[in-house]
Colleague: 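Please read through the structure below; I'll follow up with questions.
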Amino acid sequence: MSAWKKFPVELSELCIDTVLRCGQSFRWKKTGETWSCALKGRVLLLQQEPDHLRYREIFPEAPVEAQGSGTSTIDLLNDYFNLSTDLKSLYKQWSDRDPHFSKKAITFTGIRMLRQDPWENLISFICSSNNNISRIGQMVGNLCIHYGPRIAEVDGTVYHDFPAPEKLAVKGVEETLRKLGFGYRAKYIAQTANMVVNELPEGWLMGLREKPYREAHDALLQLSGVGPKVADCICLMSLDKTEAVPVDTHVMQIATRDYKFNKIKSKSMTKALYDAVGDHFRELWGPGAGWAHSVLFTADLKSFADKEVGVVSKTTKKSKSTTVKKEVVEGESVIKAEEVTVKREANLNSSVKDEIKEDPWSDDQSSSSRKRKIETATVDALETTVVRRRLRSGRER
DNA sequence: ATAAGCCCTCCCCG
DNA sequence: ACGGGGAGGGCTT
């Protein structure tokens, strides 16, 4: 049984409560104070204190074919959380260049880009089209249960790592994923896995880390289910392209509402408009525009939670039990249902609690549905209502 | 309860 | 070459 160890990192450099649920990765779960996920062949447990993380690593009892299991957990933490970049000095640069950013950044510290595995990042964001965070989480979880290697059982929960490309480049994947509720994305995933394994050169995806932003972006577009927005998510979140700005309708809202961006001529999102919004932010914030964008993006998600928590004082914490009904998919259809009791705390970002004020720049009206969906997911995680998570099989209809 | 509105990519059509 | 518009699955309003 492994022990808890300390990993020094300031809360202002990394706030896992925010970063692990702002729509970058979809596999982390929080139970009580502990975040957990299977990563690079081990189960990783994390708890955050103001000046360090506590972490615990659990390796499989029998050797498992999982990529990266040789990496030390310290190296993994440094790499996954992208800690070689000094976030505080970036915040200062962006604040100097942009008063609106400066205003938002005060209450939203420690928001940085993860440095994810490109393959997981790619498949997760193919799932993200036409979709909301909680359902993406369901899908990715199911993908791991069905195709990913079992790593270990910890405190009654079985953890699976993300499946390697080869596992998804086999016959029947599209059909299985359709039954699991992936919809039309099932085909995209099957085709993309096939392309990566059978048509593109070995190491092609990881190799995009060495290429310039535009080249990597354009290369990704050849994959099925990958358009400009998803390509930018991958560039930003796993390929080290800090200038990539994924423009969805929500970011479009921020641009028009908070930055007076004028989207006159086209009414739908055209390529020209897409590039114009990205360029706008790249000029404003500089080469780290993608990182800066995620601070504002996340800040907007939070504003809802802030209003809900509202006048909660600094020392008040709500901690209640939530009953989560969880259905586990096995084989081809939903079979098992189990009750799980989860304790949750109502404070997301410990640095956010006090100053909940109305910001004239970001008043309502702004409600894009993506925003609302993500906020809803956040509130689900925070609030105490009974949450029903349902997975539909193909025949259940 | 039902219908309408969304999200993002693909693909066809002017 | 470029933009408009519908399909596609499931969730929210």
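Computed from heavy atoms alone, side chains included, the values below leave out hydrogens, waters and symmetry copies. Order of the sequence lines fixes the chain letters, A, B, ..., with proteins taken first and strands second; residue numbering starts at 1 for each chain.
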Colleague: Over how many whole Å does the gap from A/Asn130 atom CG to C/dG6 atom C1' extend?
Modeller: 12 Å

Colleague: Does either side chain, that of A/Asn132 or that of A/Ser134, offer a donor lying less than 3.5 Å from an acceptor on the other one?
Modeller: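 Note: A/Asn132 and A/Ser134 side chains meet the donor-acceptor criterion.
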
Colleague: Without decimals, in angstroms, what is the distance between A/Ile234 CD1 and B/dT9 C1'?
Modeller: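 A/Ile234 atom CD1 is separated from B/dT9 atom C1' by 13 Å.
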
Colleague: Nearest to the side chain of A/Thr270, heavy atoms from C-beta on, is which of C/dG3, C/dC11, C/dG8?
Modeller: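 Out of C/dG3, C/dC11, C/dG8, the nucleotide with an atom closest to A/Thr270's side chain is C/dG3.
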
Colleague: How would you list, by chain and number, every residue that makes a side chain to side chain donor-acceptor pair (under 3.5 Å) with A/Lys88, sequence neighbours excluded?
Modeller: none

Colleague: Is the distance from OP1 or OP2 of C/dG9 to the nearest side-chain N or O of A/Arg178 less than 4.0 Å?
Modeller: yes

Colleague: Starting the side chain at C-beta, find the nucleotide from C/dC11, B/dT9, C/dG9 nearest to A/Asn132.
Modeller: C/dC11

Colleague: Checking A/Asp275 now: which residues fulfil side chain to side chain donor-acceptor pair (under 3.5 Å) with it, not counting sequence neighbours?
Modeller: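 A/Asp275 satisfies side chain to side chain donor-acceptor pair (under 3.5 Å) with A/Lys271 only.
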
Colleague: Round to a whole Å and report the spacing from CD1 of A/Ile189 to P of C/dG9.
Modeller: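 These atoms are roughly 14 Å apart.
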
Colleague: In degrees rounded to 10°, what angle is found between the helical axes fit to the five outermost pairs at each end of the helix from B/dA3-C/dT13 to B/dG14-C/dC2?
Modeller: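 Here the helix ends are tilted 50° relative to one another.
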
Colleague: If you take all heavy atoms of A/Met139 and A/Phe182, which pair is closest and at what distance?
Modeller: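 Smallest heavy-atom distance, with atoms named: O-CZ, 3.2 Å.
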
Colleague: Taking only residues two or more places apart in sequence, or in another chain, which ones meet A/His160 in a side chain to side chain donor-acceptor pair (under 3.5 Å)?
Modeller: none

Colleague: Rounded off to whole Å, could you give me the NZ-to-C1' distance for the A/Lys187 and C/dG9 pair?
Modeller: 14 Å

Colleague: Could you list the donor-acceptor pairs under 3.5 angstrom formed by side chains in residues 202-210 of chain A, with sequence neighbours left out?
Modeller:
residue, atom, partner, partner atom, Å
A/Arg209, NE, A/Ser238, O, 2.8
A/Arg209, NH2, A/Gln116, O, 3.1
A/Arg209, NH2, A/Ser238, O, 3.2

Colleague: Can you check the A/Ile136 CD1 to C/dG10 C1' distance for me, whole Å?
Modeller: 12 Å

Colleague: Using the side chain to side chain donor-acceptor pair (under 3.5 Å) criterion, which residues pair with A/Arg115? Sequence neighbours excluded.
Modeller: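 So A/Arg115 forms a side chain to side chain donor-acceptor pair (under 3.5 Å) with A/Asp79, A/Asp240.
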
Colleague: My understanding is that only residues two or more places apart in sequence, or in another chain, count here; which of them pass salt bridge (charged side-chain N to carboxylate O under 4.0 Å, His left out) with A/Glu243?
Modeller: none

Colleague: Measuring from the side chain of A/Thr249 (C-beta onward, heavy atoms only), which nucleotide among C/dG8, B/dC7, C/dG10 has the closest atom?
Modeller: B/dC7

Colleague: I need the CZ-P distance between A/Phe125 and B/dC8, as an integer number of Å.
Modeller: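 About 11 Å, once rounded to whole Å.
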
Colleague: Provide the full list of ring-ring contact (aromatic ring centres under 6.0 Å, His included) pairs with a residue in residues 53-76 of chain A, sequence neighbours left out, each pair given once.
Modeller: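 Passing the test, one end in residues 53-76 of chain A: no pairs.
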
Colleague: Rounded to whole angstrom units, what separation is found between the CG atom of A/Asp275 and the P atom of C/dG3?
Modeller: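 To the nearest whole Å, that distance equals 10 Å.
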
Colleague: Can you tabulate the close N/O pairs, meaning under 3.5 Å, that link protein atoms to atoms of nucleotides 10-14 of chain B?
Modeller:
residue, atom, partner, partner atom, Å
B/dC10, OP1, A/Leu223, O, 3.4
B/dC10, OP1, A/Gly225, N, 2.7
B/dC10, OP1, A/Val226, N, 3.0
B/dC10, OP2, A/Val226, O, 3.4

Colleague: Tell me: CE of A/Met269 to P of C/dG3, nearest whole Å?
Modeller: 12 Å

